[in-house]
Enquirer: 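Before we start, here is the structure in question, set down as structure tokens.
Residue numbering restarts at 1 for every chain, and letters A, B, ... go by the order of the sequence lines.
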Amino acid sequence: MRRGIAATALVASLALAATACGGDSGDKASGGPVTITWWDTSDATNEAPTYKKLIEKFEAAHKDVKVKYQNVPFAEAEQKYKTAAQAGNAPDVLRADVGWTAGLARNQYLAPLDGTPAAKEIASFNQGLVDGAKVDGKLYGVPQVTDALALLYNKEVFAKAGVQPPKTWAELSTAAKTIKQKTGVDGIYLNPDSYFALPFLYGEGGAMVDTATKKITVDDEPGKKAVRTVVDMIKSGVAVKPDYTDGYNNMQAAFKDGKVAMVINGPWSTADDLTGKAFKNKDNLGVSPVPSGSAGKAGTPTGGHNLVVYNGADAPHKEAAQKFVAFMTSAPSQEFAATETGVLPTRDDAYTIKVVADPIRAAFKNVLADSTARPAVAGVSDMFAEWTKQYIETLKGNTTVEKGLDTTADKWKTNISSLKEYSVD
Amino acid sequence: MKTATADPATAVRPARAGLLTRMKRSYDRHWYAWAMVLPVVLVIGVLVAYPLGRGVYLSFTDANELNVAKQLGATEIPATYRFVGLDNYWRVLSGADGEFYPKLLWTVAWTASCVFFHYTIGLGLALLLNRKVRGRSLYRVLLILPWAVPAFVATYIWRMMYNSESGIFNAILGQLGLGPVDWLGDTFMQKVAVIGVNVWLGVPFMMVAILGGLQSISGEQYEAAEMDGASPWQRFRHVTLPGLRPVSATVIMLGTIWTFNMFPIIYLMLGEANALHSEILVTYAYRLAFGSVRDYAAAATYGILILSMLAVFAVFYRRLLNRQEAAR
């Protein structure tokens, strides 16, 4: 008998440890309030307090629901959520990047929201964003905030050089040269990441893939023209030679210090820009739509976040989660979040006078008008990861524009399971 | 009465009768030993054997995130992946996958150069510190410091120093009137950069291990060699190196295995996109397993291949050493 004890204790403790990882099974006891968990991926210092305030408001209005708030770093959230969702203990609500939504939905982690309280006011939302949250015609997320890339510039430097915000990439090159000559400040810093190549691609009328004809189109002529523009800008010195590991951080540092006159970046970066010495005066930060390419039309990718509900939650939790999503994406909540933190609302009726009073937000509202959603296929993050590798090789000059894009297309086809049946030419 | 003592041969035979009987007897006599070993066996089983077995199994399937079994609350989604036999291995080893051989080549080059510098620099420092110099213990503490820094912390610090615009290396080069070097951008320089960091991190361990080995060589051997008129080089060649052989053999093997699987430096230093030509096998396997559509089968295949290569290396290396030992 005695010899069994140690072993039993060990097995018991192992079993305990295993179940402890399993997390909270939720309170299914009827009567009491339902507690739902929300994984927020927003910035923990700048944005989280605002959302916590919104949760208080929600709990005051809905006595039967309690919200457990958890801030999860954005970079880890997708992987963490997938692991938790597979094990059956994902949070009831997640703030998911628009690029993740299709992938999560195709893995059946997300509950469809059509006809639920969460989607009651869906008609008031920007339809492009709503379409971006749909997979095979079903709605899997409610857009919470949105963003798009724009041309951010240093007004003071522009005035000194006597240039206007450029409307085309060609104008931008001329302006950059003038700026360099007259003020000594570098023209533009381009982040060497494929997401930041999208304005160039869209400006040439290109696309990453064509989901209707199941074709990979990134290596078509518009794509080549787009990347050639970037390569030429770096080669001719219009754009600063970027750092390939810390490209984004170096871009921000150079812009904030006034060492570079223009960058292409999203609204999330403006709070950081305003901490720099070049923007001590908030009005010095100019925002204009990204320049257009030879197709004559400017294009910018739609970013932002959706609120999604976990498919594995039981009925009471799902219902509470849907109510919570509806509350968080309501016009008053979006207006509140926008004025507190500067994020951009996803519904037209949330752009109130108070929201557009801020010149930066008002400028971004114009930019959003021509934004394009990312393709609704699983594995979009992998597509960008593969593309960025080849994009960097091209910018470094290790490979040609044509070869870089052809390799990208081939890699997409072979390595990304959702693109296996797509054609490449 | 008779049977017990008359013929020892027949008395032994019943004991060899069956495996079960022997096990039972051994259990009766050594049950406490079994009881003590049991927790370890269980823990190893849970932590090592099960994942390993699972990995081997997955490498024979086409499992990925879209077709594995999922337990979503009340709804259960059954697995739909198939058994594909050796298909994964065939794809990787035949080169159809296209990533394996280039990455293997660089992984071997990376391991060989890192271990070479680890060992030679470690040996040099150990020889220096083995002499009687003033403040020897202080030097020892200072030189062991890099070892105390976690690899990921070191990686981030070095990454800042390598930055092409604000890094200290380029600032120094600028002061000297030289042009900046694109440390982490240029394909060749980024390889030099990651090897540099790994050497910095790994030398202290080698130094300490070799220092221990040096101190176990008796001074009499050196005296004898000196009496015979051996030059310093001859003493190093014929006394120090053979004396260090047991220590060297172990640390070189450990170093090889560690470096082969040195994940954080490459992954964190270069990021994902910038490491196209400097990615080693483990970082690649990690990306397969944690991409935005997780490819469990391919990652498991790479994992098993890495494990097999290291196992084969360890076996041959030990055999080679034993043969050398026997030849002496």
Enquirer: Quick one: does Lys396(A)'s side chain get under 4.5 Å of Asn274(B)'s, heavy atoms only?
Expert: yes
Enquirer: For Leu47(B), is the CG atom crowded, meaning more than 12 foreign heavy atoms sit under 6.0 Å from it?
Expert: yes
Enquirer: Got a second to check how far Arg287(B)'s CZ is from Asn415(A)'s CG, nearest 0.5 Å?
Expert: 8.5 Å
Enquirer: Working to the nearest 0.5 Å, report the span between OG1 of Thr83(A) and CZ of Arg294(B).
Expert: 3.5 Å
Enquirer: Below 4.5 Å, heavy-atom pairs only: which of Ser164(B), Ala273(B), Gly271(B), Ala69(B) has the largest tally toward chain A?
Expert: Ala273(B)
Enquirer: Is a donor on one side and an acceptor on the other found under 3.5 Å between the side chain of Gln79(A) and the backbone of Phe290(B)?
Expert: yes
Enquirer: Quick check for you: to the nearest 0.5 Å, what is the distance between Asn311(A) atom CG and Ile77(B) atom CD1?
Expert: 6.5 Å
Enquirer: In Å, rounded to the nearest 0.5 Å, how long is the span from NZ of Lys82(A) to NZ of Lys70(B)?
Expert: 9.5 Å
Enquirer: Between Lys241(A) and Asp182(B) (salt bridge meaning N to carboxylate O under 4.0 Å), is one present in this structure?
Expert: yes
Enquirer: What part of Ala87(A) gets within 4.5 angstrom of chain B, counting heavy atoms only: side chain, backbone, both, or neither?
Expert: backbone
Enquirer: Measure the CD-NE2 distance between Glu393(A) and His277(B) for me, rounded to the nearest 0.5 Å.
Expert: 3.5 Å
Enquirer: Taking Asp193(A), Asp382(A), Ile416(A) one by one, which has the highest count of heavy-atom pairs under 4.5 Å against chain B?
Expert: Asp382(A)
Enquirer: Any idea which of Asn107(A), Thr388(A), Asp243(A) has the most non-hydrogen atom pairs under 4.5 angstrom with chain B?
Expert: Asn107(A)
Enquirer: Around Lys259(A), counting heavy atoms of other residues, nucleotides and ligands shown, do more than 12 lie under 6.0 Å from its NZ?
Expert: no
Enquirer: Answer yes or no: does atom NZ of Lys277(A) have more than 12 heavy-atom neighbours from other residues, nucleotides or ligands under 6.0 Å?
Expert: no
Enquirer: With a 4.5 angstrom heavy-atom cut-off, is it the side chain or the backbone of Met269(B) that approaches chain A, or both, or neither?
Expert: backbone
Enquirer: If you count heavy atoms of other groups shown closer than 6.0 angstrom to CZ of Phe263(B), is the number above 12?
Expert: yes
Enquirer: Tell me, for Lys411(A) versus chain B, whether the close heavy atoms (under 4.5 Å) come from the side chain, the backbone, both or neither.
Expert: side chain
Enquirer: Which one, Phe384(A), Tyr391(A), Tyr189(A), leads in non-hydrogen pairs under 4.5 Å with chain B?
Expert: Tyr189(A)
Enquirer: If I take atom CG from residue Asn398(A) and atom CG from residue Asp186(B), how far apart are they, to the nearest 0.5 angstrom?
Expert: 7.5 Å
Enquirer: Pick from Glu78(A), Arg106(A), Gln108(A): which one has the most heavy-atom pairs with chain B under 4.5 Å?
Expert: Gln108(A)
Enquirer: Please say whether more than 12 non-hydrogen atoms of neighbouring residues, nucleotides or ligands are located less than 6.0 Å from OH in Tyr101(B).
Expert: yes
Enquirer: For atom CD1 of Ile172(B), decide whether the heavy atoms of other residues, nucleotides or ligands shown that lie under 6.0 angstrom number more than 12.
Expert: yes
Enquirer: Heavy-atom distances under 4.5 Å only: say whether Glu76(B) touches chain A with side chain, backbone, both or neither.
Expert: neither
Enquirer: Do the non-hydrogen side-chain atoms of Ile392(A) and Leu276(B) ever get within less than 4.5 Å of each other?
Expert: no
